[in-house]
Amino acid sequence: AAPLAAALGALAGGLVFLAPRLERLGGAARRLPAAYASLLLGAALLFFGGAYRATIAAVEAWRLTADEAVKKAFGTIWRNVQRAAAASEADDNVDADGDGVADVRQVSSEQLLRRKARLLLASVEPGEVATAAGVAWAGLLAVVTTVKARSAQTVALGSYLGTQAHGLVGAPLERTVKHALPEDQEKWARPLAKAVTGFVGVLVGWRLSSLIFAATASVRGANLALDGALALAGGVAPHMDASMRQLAVYVIAACGFYWQLSSGFGVPFLLQLPLLPLSMLDSAIVFLVAMV
């Protein structure tokens, strides 16, 4: 019982810490004008889309697979989080004995964890949280599965390219490896030649996939950035018909793609710290996809 109480208490403490900060972050995002949001998101996709493949793929998969039921489930979970955080914040100000010092400051760490655990259990609705968690987990699993399928497609492309490469250069490569090996180890020539061509095929497939992904992200980013820029410019911007707008999108996308290609699909050093949360999210998605 003690470990469970400690875990619940730690969870309650984490909710109290995160809930107001996430609320402020969400409020700031909602207050950001749509034109600025479109411009910033478009610029991020335009110049750094290739650096955050997993995150962008997850967002696209979310748009395809996560329906209103999943969004509603997350809303239910968030309301319970807010309820628990509000109850814990109110509890921090309780002074039952009237000595001028809050009760939570007069108990040991273990007693505090037990107190917060009881408060968490009393604040949330277990039935709706359990149902919402099941629906949310199903939605997240669908997203992860979709992202994993895209990674599998890249590996399959690399395997196919490796097979084709082995058919072209496998025989001469095998002879070269065979001559380089001692006589009693010549039997390894063919497996080593296949391994080399397969490895090169996967590398080429991954590179091609990166190029395609970066090009797609650049085009989407150019669309968003141009929409945001035109909305901000208002009447100052010249009128664009559909063909002119499409040409402008392709020119902007080409500039963004060249930037990504020249930077090796990385993030400049000066922007690594501001974009660290996004990098951590991308790494977490990659880890989650690998584990599922």
Side-chain angles (χ1 to χ4, degrees), residues 1-32 52 54-55 58-59 62 66-145 147 272-292:
L4 178 59
L8 290 174
L11 177 60
L15 294 179
V16 172
F17 178 79
L18 289 175
R21 289 163 176 79
L22 292 176
E23 186 68 28
R24 286 196 294 270
L25 181 62
R30 287 190 294 269
R31 290 192 298 272
L32 187 67
Y52 300 107
T55 301
V59 171
W62 173 266
D67 56 10
E68 289 300 321
V70 178
K71 297 176 184 178
K72 184 178 179 180
F74 276 105
T76 299
I77 294 173
W78 179 243
R79 284 195 300 273
N80 279 271
V81 168
Q82 289 178 309
R83 191 183 304 136
S88 180
E89 186 176 358
D91 180 64
D92 290 341
N93 298 320
V94 172
D95 181 18
D97 53 11
D99 61 355
V101 180
D103 294 347
V104 294
R105 296 182 178 274
Q106 302 181 54
V107 296
S108 66
S109 298
E110 182 179 353
Q111 291 174 324
L112 180 61
L113 287 175
R114 291 178 178 273
R115 180 187 182 108
K116 294 300 183 181
R118 288 195 299 268
L119 190 64
L120 175 64
L121 294 175
S123 301
V124 302
E125 293 295 334
E128 65 179 29
V129 169
T131 302
V135 175
W137 174 250
L140 288 176
L141 192 60
V143 170
V144 171
T145 303
V147 176
Q272 288 182 1
L273 186 58
L275 295 176
L276 181 60
L278 189 57
S279 300
M280 295 174 64
L281 174 62
D282 198 74
S283 299
I285 293 173
V286 171
F287 176 78
L288 185 60
V289 169
M291 292 297 293
V292 173

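Model, not experiment: these values are computed from the prediction.
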Provide the closest heavy-atom pair for [X] versus [Y] in the form atom of the first, atom of the second, distance.
{"X": "Ser123", "Y": "Leu119", "value": "OG-O, 2.7 Å"}
{"X": "Asn80", "Y": "Val124", "value": "OD1-CA, 3.4 Å"}
{"X": "Val70", "Y": "Ala136", "value": "CG1-CA, 4.4 Å"}

side-chain hydrogen bond (donor to acceptor under 3.5 Å, both in side chains) with [X]: which residues, sequence neighbours excluded?
{"X": "Gln272", "value": "none"}
{"X": "Glu125", "value": "none"}
{"X": "Thr76", "value": "Arg79"}
{"X": "Ser279", "value": "Tyr52"}

*What residues form a side chain to side chain contact (heavy atoms under 4.5 Å, CB included) with Gln106, not counting sequence neighbours?*
Asp97, Asp99, Val101, Asp103
*Only counting residues at least two apart or in another chain, list the ones meeting salt bridge (Lys or Arg N to Asp or Glu O under 4.0 Å) with Asp282.*
none
*Within a strict 4.5 Å, meaning less than it, do heavy atoms of the Arg118 and Asp91 side chains meet?*
no
*Side chain Ser88, main chain Ala84, donor-acceptor under 3.5 Å*: no
